[in-house]
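Read through the structure below, which is laid out as structure tokens, and then see the notes.
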Amino acid sequence: MSKITTYDFIDSNKRKTIGLMALFPLSLAVVVYLSILLFSSLSAPYVETGTPGNHPSSLDIANQLAIYVLPIISAIAIVWVLISYFFGQNFIFSISGAAELTKNRAPELVRMVENVAMTAGLPMPKVYIIHDESLNAFATGRNPEHSYIALTKGLVDKLEKPELEGVIAHEMAHIGNRDISLMLIMVVGISFATVAANLLLRMGLGKSSNKKGGAIQLLLIALALALYAYGYLIAPLIKLATSRTREFQADATAALLTRNPEGLANALRKISKNSVVQTLRDKETMAAMCIESPLASDNHPSFFSKLSGLFATHPPIEDRIKALMAMDGHRS
């Protein structure tokens, strides 16, 4: 069996990104249709055709509604995916509270990023800082030419230079491996479901003065519940497309770039003790993007994460450290 190379990994991520861009609106359309079918089965006994006493089947009602609803939902979802791909980093920086750093404000840090980018043969990403005393970092963007690295203030202040360089190299590896585009679509694309659900639920809970308006409200509530189900039940399944091996791959690439596996291993030890970022502590979709989970809920695992770690966004940090130390000639 031939060994998987970095180029194979990059090609795989490109295919997954395209697949995820297609899967998001398609899976959303299926969930919405099922909600329409449920709504139709509840309303069918109260709907009559032109002939008195003749009630259409729930499937007929669902298909009639789907003709109008699905094209609108699908079109909005496709537009959202495109917006996510080209402008999603603005959404991510907004929820994380990250601010751009320039060479004038942080010359040593920016120079360190420049050096790692040069070693990796990649364009210089823009550097952002999150004003939080925790230790965490992430990279984002649609490609290496449009890439960004965000570091918490605690990470910059508390890590030694070789450790910080290792973290930057890890994030640079995600850029080079094209993990960033896959993560970008996943984070911002899936967030669409909860945003749309909140909007539809508010519309559905508004007052109605007639029977027809009440039926529309019921439909809006059904759609909102479907989108909530998508965001909290279906989205974790989509996360399986983002293999946890990407972290091992990024760790190994970082060790090769810096020629110092122990630097990143030491950084991971420190990060594991204080990785919860206040602005991201409840943003589950952001967890996979960070070098280590920023979620407060990891101390109280959800039902899904208890299923043998199936939906965990990161491999155990002990395993990552062990792999890095093996690269440095240590057995454990």
When you look at L220 and L201, which way does the side chain to side chain contact (heavy atoms under 4.5 Å, CB included) test go after all the steps?
CA-CA 7 Å; L220 291 174; L201 188 61; over 6 Å; no

What closest approach, in Å, do [X] and [Y] show between heavy atoms, and which atom pair accounts for it?
X	Y	value
M327	P261	CB-CG, 4.1 Å
L257	A169	CD1-O, 4.1 Å
M289	I92	CE-CD1, 3.6 Å
A254	L264	CB-CD2, 3.9 Å
A137	L155	CB-CD2, 4.0 Å
S293	A287	OG-CB, 4.2 Å

Among residues at least two apart in sequence or on other chains, which ones pass side-chain hydrogen bond (donor to acceptor under 3.5 Å, both in side chains) with R178?
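side-chain hydrogen bond (donor to acceptor under 3.5 Å, both in side chains) list for R178, sorted by chain: empty.
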
Is any side-chain heavy atom of [X] closer than 4.5 Å to a side-chain heavy atom of [Y]?
X	Y	result
R269	I321	yes
F93	I130	no
V167	I291	yes
K273	E292	no
F138	C290	yes

Take atom CD of E100 as the centre, draw a 6.0 Å sphere, and report whether it contains more than 12 heavy atoms from other residues, nucleotides or ligands.
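It does: E100 CD has more than 12 such atoms within range.
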
Tell me the side chain to side chain donor-acceptor pair (under 3.5 Å) pairs involving [range], sequence neighbours left out?
range	value
residues 115-132	D132-S134
residues 197-206	N198-Y228
residues 156-173	K153-D157, E163-K270, H170-H174, H170-E247, H170-D251

Test side chain to side chain contact (heavy atoms under 4.5 Å, CB included) on L151 and N136 and set out the steps.
CA-CA 6 Å; L151 310 167; N136 221 315; over 6 Å; no

Side chain to side chain contact (heavy atoms under 4.5 Å, CB included) between Q278 and E133, intermediate numbers included:
CA-CA 9 Å; Q278 289 302 313; E133 293 305 316; over 6 Å; no

How would you list, by chain and number, every residue that makes a side chain to side chain contact (heavy atoms under 4.5 Å, CB included) with N63, sequence neighbours excluded?
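Result, side chain to side chain contact (heavy atoms under 4.5 Å, CB included) vs N63: Y33, L59.
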
Let me see the working for V156 and I129 under side chain to side chain contact (heavy atoms under 4.5 Å, CB included), right down to the final yes or no.
CA-CA 9 Å; V156 176; I129 192 76; 3.9 Å; yes

List, one per line, each side-chain donor-acceptor pair under 3.5 Å for residues 67-85, sequence neighbours excluded.
residue: S74; atom: OG; partner: L70; partner atom: O; Å: 2.9
residue: W80; atom: NE1; partner: V188; partner atom: O; Å: 2.8
residue: S84; atom: OG; partner: W80; partner atom: O; Å: 2.7

Verify the cluster assignment for [X] and [Y]: are they in a single hydrophobic cluster under the rule of side-chain heavy atoms below 4.5 Å apart?
X	Y	value
F87	F91	yes
L199	V32	yes
V195	L223	no

Residue that, paired with I180, satisfies side-chain contact (heavy atoms from CB on, under 4.5 Å) out of N143, I149, I175
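The option that passes is I175.
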
